[in-house]
Amino acid sequence: SDVLGLPGVKLNEETTARDVAGWDSLSHVQIIVAVEQQYGFRFSFSEAAQLENVGSLIDAIMARTADAGV
């Protein structure tokens with residue numbers, strides 16, 4: 001909600017950019033960058049492009065943090 005500038009926005013694992021007003025391509029990149037900064041890793045371009053919804057982003061974060069032992 002901070003990155004999107006939408007306090008109180010409700011997201012679930014199936015939420016996509018199309019479901020949220022204001023979630024455009026720039027916001028998508030900002031979300032990816034915020035996650036990378038928060039967790040200390042970088043997504044490749046192809047990894048970021050494959051993130052279809054909030055659930056796939058969560059799965060990617062969990063896989064990366066598990067690999068890193070976080």
Side-chain angles (χ1 to χ4, degrees):
S1 68
D2 291 341
V3 173
L4 295 171
L6 300 171
V9 67
K10 302 290 185 202
L11 304 176
N12 61 50
E13 291 185 12
E14 291 81 32
T15 302
T16 68
R18 283 183 234 121
D19 300 323
V20 180
W23 185 342
D24 57 15
S25 58
L26 178 59
S27 299
H28 190 79
V29 171
Q30 291 172 325
I31 291 167
I32 299 299
V33 169
V35 167
E36 290 173 338
Q37 290 175 344
Q38 175 69 35
Y39 292 99
F41 60 76
R42 309 271 304 176
F43 287 112
S44 69
F45 178 79
S46 63
E47 288 173 319
Q50 293 175 3
L51 299 174
E52 298 175 356
N53 56 31
V54 172
S56 62
L57 177 59
I58 292 168
D59 291 343
I61 293 167
M62 293 180 70
R64 282 297 198 81
T65 56
D67 290 345
V70 175

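No hydrogens, no waters, no symmetry mates; every other heavy atom, side chains included, goes into these values.
Side chain of R64 to backbone of G40: no donor-acceptor contact under 3.5 angstrom is found.
I61 and V33 are assigned to two separate hydrophobic clusters, defined by single-linkage of ILVMFWY side chains at heavy-atom distances under 4.5 Å. No chain of hydrophobic side-chain contacts below 4.5 Å, direct or via other Ile, Leu, Val, Met, Phe, Trp or Tyr residues, connects V29 to Y39.
Of all heavy-atom pairs between H28 and W23, the closest is ND1-NE1, 3.4 Å.
Within the model, atoms CG of L57 and CD of Q50 stand 13.0 Å from one another, a figure rounded to the nearest 0.5 Å. Interatomic distance, S27 OG to I32 CD1, rounded to the nearest 0.5 Å: 11.5 Å. Atom-to-atom distance recorded for L26:CG and Q30:CD is 4.0 Å, nearest 0.5 angstrom.
Checking T16 against D19 by side-chain atom types alone, a donor-acceptor pair falls below 3.5 Å.
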Could you give the side-chain donor-acceptor pairs of residues 1-14 under 3.5 Å, partners two or more places apart or in another chain?
{"residue": "N12", "atom": "OD1", "partner": "E14", "partner atom": "N", "Å": "2.8"}
{"residue": "N12", "atom": "OD1", "partner": "T15", "partner atom": "N", "Å": "3.1"}
{"residue": "N12", "atom": "OD1", "partner": "T15", "partner atom": "OG1", "Å": "3.3"}

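Within 6.0 Å of CD in E52 there are 12 or fewer heavy atoms belonging to other residues, nucleotides or ligands.
Considering only heavy atoms from C-beta on, L51 stays 4.5 Å or farther from I31 through its side chain.
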